[in-house]
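A quick write-up on the structure given underneath.
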Amino acid sequence: MGLWLAAFVSFNLAVRLGLAAFNGDATAWSPVHLLPTVLIGAAFDLGVGLCALAPLAVLAVLWPKRASRSLGWLLTVLLWPLCMVMVCVGASEFTFWNEFASRFNFIAVDYLIYTNEVLGNLRESYNLPLMFALAALLATGMWWWLSGRTRSQLRSEAGQGTSRPWFALCAWLLAASAVMAGLDSRFKEFSDNAQINELAGNGYYDFWHAFRTNEIDYDRFYKTLPHNEALAELEEEVLVGSRMPVTISQRPYDREIKAEGPPRHYNVVLISVESLSAEFLGAFGNRQGLTPNLDRLAKQGMLFTHLYATGTRTVRGLEALTLSVPPTPGHSIVKRPDNGQLFTLGEVFREQGYEPLYLYGGYGYFDNMNAFFGGNGYTVVDRTALAPKDIHFENIWGVADEDLFTLALGQLDQRQAKGKPFFAHIMTTSNHRPFTYPDGRIDIPSHTGREGGVKYTDYAIGDFIERARRHAWFDNTVFVIVADHTHKGRGKQDLPIENYHIPMIVYAPGFVQPSVVDTISSQIDVGPTVLGMLNVSYRSRFFGHDILSAEGRQHQRALLANYQTVGYYEEGRVVELKPNARYRVVDAGSGKEMPMDALSVDLLGDAISYYQLASEAYRHGDLKLSVASTTPTVH
């Protein structure tokens with residue numbers, strides 16, 4: 001078994017070095033980074049290998065000595081699938097890194113649930129026959145070399161009459177137990193470069209760790225404040241400089257919002273665009289010409305230039321846009337249990353007489369969308385509502401965006417015919433690997449890369465707006481176009497602010513005048529801002545605020561999350577909150593740790609109050625519609 005263990009550790013070292021080369025960051029090869037990466041990684045590899053091979057070590061010792069030949073053939077048979085699994089996991093790590101710049105995390109755990117979409121995405125994105133052929137070839141080579149030496153070693157032991165090494169087995173099992181008990185995911189956090197820290201990990205261990213820590217209790221694992229202090233901090237956050245008359249209860253986020261004028265009864269179409277980083281738009285300096293339609297709408301409408309997503313996945317974007325809550329650690333609320341009957345943007349519109357709809361081009365069971373939106377009062381419409389003749393193109397994620405928008409036009413016409421105002425949240429899918437779409441729409445061939453996905457989505461949105469002009473409800477509708485997240489994941493920092501920068505355009509000719517809003521703001525502010533533009537008065541449980549209000553302009557901040565790290569961005573600094581009550585404040589540009597001066601201490605308190613009270617609110621059911629109202633205290 002020692003030979004097999006050495007092979008496992010060596011192979012994972014090769015994967016680690018391969019990922020370092022694939023990542024393209026030259027600093028990973030400097031001795032100050034490379035040596036700790038290799039040594040820490042070897043500790044993880046050794047621990048995983050000792051545990052994984054322990055059953056075979058027990059088998060080898062208990063097997064009758066007189067039957068060593070049959071043991072050799074049994075191990076030979078078992079060795080090939082083990083080699084194949086090892087090679088396939090290694091290849092999977094490269095595809096996962098290509099998407100998320102990370103070793104396996106709880107996204108990989110989620111993917112076990114949605115195997116059809118995940119395997120379909122791999123099949124449509126990569127040449128799987130070639131990849132499996134290469135994997136089988138490499139696995140067979142490893143198997144041939146290892147099996148020959150294993151049988152040779154067993155024959156040698158049998159010829160010498162060597163007794164089974166019980167003491168070695170005991171040492172192996174004790175070592176496996178000790179190493180796995182002592183290993184901690186924090187060991188790999190030896191530098192300020194998050195991607196280099198990821199290289200020091202082990203895919204098997206990280207997957208197991210993510211499986212165990214999928215749900216994270218904020219109060220147990222993160223830094224907290226005394227409850228009353230947290231309430232006071234959040235009260236300043238949500239009320240500072242408000243231009244609206246506001247009253248609050250003992251929960252600062254539970255407050256009355258009173259508009260200054262009469263409500264404006266416009267329909268609202270909110271388009272959340274898959275993976276649309278701000279850097280793709282010409283409005284943000286891109287010169288590739290990928291978004292001519294969005295750039296035109298940005299000039300004709302209201303462009304928000306400093307809006308930041310809360311996370312790196314669609315469910316985080318849906319959570320922020322629907323619930324206006326900070327991205328608390330672990331799963332998005334969209335995927336958590338008991339997430340129905342919550343206070344949502346759709347609920348506010350429903351109280352104003354609107355019908356809230358959620359329209360998705362894929363199957364709504366994915367990422368729990370049907371259950372979440374359906375359980376919160378939305379009418380859910382997914383690809384199952386489309387007849388085959390109405391689908392021009394589809395891939396594993398769903399129908400082409402143009403077909404989704406055709407579906408949306410029909411649904412909105414039905415509401416218009418009934419005289420019912422609507423709030424429609426439309427979630428696109430085409431700007432996602434494998435980046436495939438109908439031929440002849442744009443000048444970039446399908447399946448050639450992300451730029452094509454961006455340009456096709458831009459085409460589909462532009463086409464949707466032009467088609468919508470011919471419908472009776474167009475002149476009385478506000479279109480809100482915002483990304484769900486960017487196309488980037490983890491960078492050199494845990495929370496690199498540029499990897500969360502998304503565009504938002506509000507377009508409504510005759511109502512919204514062309515303008516640019518440079519206020520730093522969060523995705524959780526989108527809902528309150530739209531309601532503010534429509535002069536809606538409502539009892540709020542949103543943590544976000546109206547970006548266009550005095551509060552929004554005076555209190556510019558963003559909330560960010562990446563798996564287990566949650567953060568708060570303000571005044572050019574990012575507060576990072578991590579498990580085991582760890583925290584630090586870094587410069588948003590350079591990622592260098594900042595001193596805990598008065599500003600850092602103040603920002604730390606702000607960050608903790610948001611996440612501590614948001615986690616508490618969900619856990620205690622305070623975001624539920626059934627929570628009894630309390631008599632507000634006027635401030």
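Every heavy atom of this structure was used, including side-chain atoms; hydrogens, water molecules and symmetry mates were not. FYI, the numbering just counts along the sequence from 1.
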> Are Thr457 and Asn431 close enough that a side-chain donor and a side-chain acceptor fall under 3.5 Å?
Replying inline: no
If you count every heavy atom of other residues, nucleotides or ligands that lies below 6.0 Å from [X] atom [atom1], does the total exceed 12?
| X | atom1 | value |
| --- | --- | --- |
| Trp29 | CH2 | yes |
| Phe132 | CZ | no |
| Phe187 | CZ | yes |

In chain order, what residues pass the side chain to side chain contact (heavy atoms under 4.5 Å, CB included) check against [X], with sequence neighbours excluded?
| X | answer |
| --- | --- |
| Phe22 | Phe94, Trp97, Asn98 |
| Ser590 | Asp587, Lys592 |
| Asn339 | Ile333, Leu342, Asn368, Phe372, Tyr618 |

> In a check of side-chain hydrogen bond (donor to acceptor under 3.5 Å, both in side chains) between Glu274 and each of His432, His485, His487, which one passes?
Replying inline: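 Of all the options given, the one that passes is His485.
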> Does the side chain of Leu321 come within less than 4.5 Å of Met427's, by heavy atoms?
Replying inline: no
>> Under the criterion side-chain hydrogen bond (donor to acceptor under 3.5 Å, both in side chains), I'd like the reasoning laid out for Thr150 against Trp4: C-alpha separation, chi angles, the key distance, then a yes or no.
In response: CA-CA 9 Å; Thr150 300; Trp4 290 23; 2.8 Å; yes
>> salt bridge (Lys or Arg N to Asp or Glu O under 4.0 Å) for Arg316 and Glu319? Distances and angles first, verdict last.
In response: CA-CA 5 Å; Arg316 277 298 187 199; Glu319 173 189 75; 2.9 Å; yes
>> With a 6.0 Å cut-off on the ring centroids, do Tyr308 and Tyr569 count as close?
In response: yes
>> Centre-to-centre under 6.0 Å for Phe8 and Tyr204, is that the case here?
In response: yes
>> Checking Asp192 against Arg584 for the salt bridge (Lys or Arg N to Asp or Glu O under 4.0 Å) test, could you report, in this order, the C-alpha distance in whole Å, the side-chain angles of both residues, the deciding distance, and whether it holds?
In response: CA-CA 11 Å; Asp192 292 331; Arg584 66 173 188 159; 3.2 Å; yes
> When the ring planes of Tyr363 and Tyr365 are compared, do they come out parallel, tilted or perpendicular, using 30° and 60° as the limits?
Replying inline: parallel
>> Go through it in stages, so that I can follow the logic: the residues are Thr314 and Asp484, the test is side-chain hydrogen bond (donor to acceptor under 3.5 Å, both in side chains), and I'd like the CA-CA distance, side-chain angles, deciding distance and then a yes or no.
In response: CA-CA 6 Å; Thr314 295; Asp484 62 345; 2.6 Å; yes
> Which heavy atom of Ala176 sits nearest a heavy atom of Cys51, and at what distance?
Replying inline: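 Shortest heavy-atom contact: O-SG, 3.7 Å.
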> Which atom names give the shortest non-hydrogen contact between Pro327 and Val566, and what distance separates them?
Replying inline: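 Smallest interatomic distance, heavy atoms only, reads O-CG1, 3.3 Å.
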